[in-house]
Number of protein chains: 2
Amino acid sequence: MPDIMEDADRHCAKTGARLTPLRRRVLELVAQARAPVKAYDLLSQIDRTSTSAKPPTVYRALDFLIEAGLVHRVEALNAFVACPQAGHGHAAVLYVCESCANVTEVQGSRPGQENKPAGFTVKRSVIEHYGLCADCPRP
Amino acid sequence: MPDIMEDADRHCAKTGARLTPLRRRVLELVAQARAPVKAYDLLSQIDRTSTSAKPPTVYRALDFLIEAGLVHRVEALNAFVACPQAGHGHAAVLYVCESCANVTEVQGSRPGQENKPAGFTVKRSVIEHYGLCADCPRP
DNA sequence: GAGCAGATGTAATAACGTAACATTTTATCG
DNA sequence: CGATAAAATGTTACGTTATTACATCTGCTC
Ligand SMILES: [Zn+2]
Ligand SMILES: [Zn+2]
Ligand SMILES: [Zn+2]
Ligand SMILES: [Zn+2]
């Protein structure tokens, strides 16, 4: 995941966000995982090195990373994935394989806004598709 | 919410699903609410009458209602809303107002599947838009 | 080096959800 | 009808996820 970390450094340098060592470490852990990561799994991985990590440590780092556009929360899994395209402007669309747990992110303009009610202003969208990826055998 | 309860009765009669008194009571509570309802709020409302409700009581009822297509889970809120169109075949698209908590459900065919990866088979979609409804003042 | 803001440490607890097993209710069938 | 099987509910206990509140530290400005 060197791309992701380099992009993150560049993106934070450009926006003024402070990618501290702790936040950077959490992003590395999320980016290295080949599947969505749970907050408490991050916690135990950090624990092994620093011994002082508690829940707020990881949740605060994740809040920062999400705010910075470096990580997305997978709402239906209570888990987190690294964004492959730091700070993209549009909403993320996630395709999550329920067999191998791989997540593919695509982006689009106003995705999923079918039949939007008149006068509704969308601030944030959660779009997650669950199913089987091309590499997993059909039942 | 007489419509919702009557539709639910009809829908369950047609499909053979058993809308028992407990499940019916939970559906009534969800349908009466003017906002997404939390599982533990349902629990305390049931408690007031029956005194024997525990977490599995309400979670099992909710599982049934979701399976039957009578209730949707709002993933990003850990909460539940009654479906205004019992057992509709397509994925639900929810517009959630962050000011007044009102939820508007619309339905569509294959909503939100922008740039679907080749070979991916979607089994279930989570599509939730958060923002401001037409009736709420802009900041 | 005093003061401030942002970041992190720490303890405690709230909020959300499930596993496992006992009991009761309902449907089915000889 | 009464045995029996299946479905639903009761109950205990616990696991997981997330936040609040307050203390301390770190880097910066004046
Ligand atoms: Zn992204
Ligand atoms: Zn797969
Ligand atoms: Zn619906
Ligand atoms: Zn509103």
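Residue numbering restarts at 1 for every chain, and letters A, B, ... go by the order of the sequence lines. Just so you know, these numbers use all the heavy atoms, side chains as well, and skip hydrogens, waters and symmetry mates. As the structure is a computational prediction, the values presented were derived from the model and not from experiment.
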Would you indicate, yes or no, if C/dT8 has its OP1 or OP2 atom less than 4.0 angstrom from a side-chain nitrogen or oxygen of A/Arg23?
yes
OP1 or OP2 of C/dA7 sitting under 4.0 Å from any side-chain N/O of A/Thr20?
no
Comparing A/Ala61 and A/Pro56 on DNA chain C - which has the more 5′ nearest nucleotide
A/Ala61
Go through B/Arg60 and B/Asp63 one step at a time and tell me if the salt bridge (Lys or Arg N to Asp or Glu O under 4.0 Å) criterion holds.
CA-CA 5 Å; B/Arg60 285 194 286 227; B/Asp63 286 348; over 6 Å; no
Considering only heavy atoms and no angle criterion, is a donor-acceptor pair shorter than 3.5 Å present between the side chain of B/Tyr40 and the base of C/dA14?
no
Rounded to whole Å, the NZ-C1' distance (B/Lys54 to C/dT23) equals 14 Å
Taking B/Val122 as the starting point, is it possible to reach A/Val106 by hopping between hydrophobic residues whose side chains are less than 4.5 Å apart?
yes
With respect to the phosphate group of D/dT16, does any side-chain polar atom (N or O) of A/Lys38 fall under 4.0 Å of OP1 or OP2?
no
Donor + acceptor pair across side chains of B/Glu114, A/His90 (<3.5 Å):
no
Kindly say if A/Ser52 contacts the phosphate of C/dG9, meaning a side-chain N or O under 4.0 Å from OP1 or OP2.
yes
Rounded to whole Å, OH of B/Tyr59 lies from P of D/dC14 at a distance of 19 Å
Below the 4.0 Å mark, does C/dT8 have OP1 or OP2 next to a side-chain nitrogen or oxygen of A/Arg25?
no
If the cut-off is 4.0 Å, is A/Asn78 near the phosphate of D/dA18, judged by side-chain N/O to OP1 or OP2?
yes
With distance as the sole criterion, do the side chain of A/Arg60 and the base of C/dG9 form a donor-acceptor contact below 3.5 Å?
yes
Could you tell me how the ring of A/Tyr59 sits relative to the ring of A/Tyr40: parallel (under 30°), tilted (30 to 60°) or perpendicular (over 60°)?
perpendicular
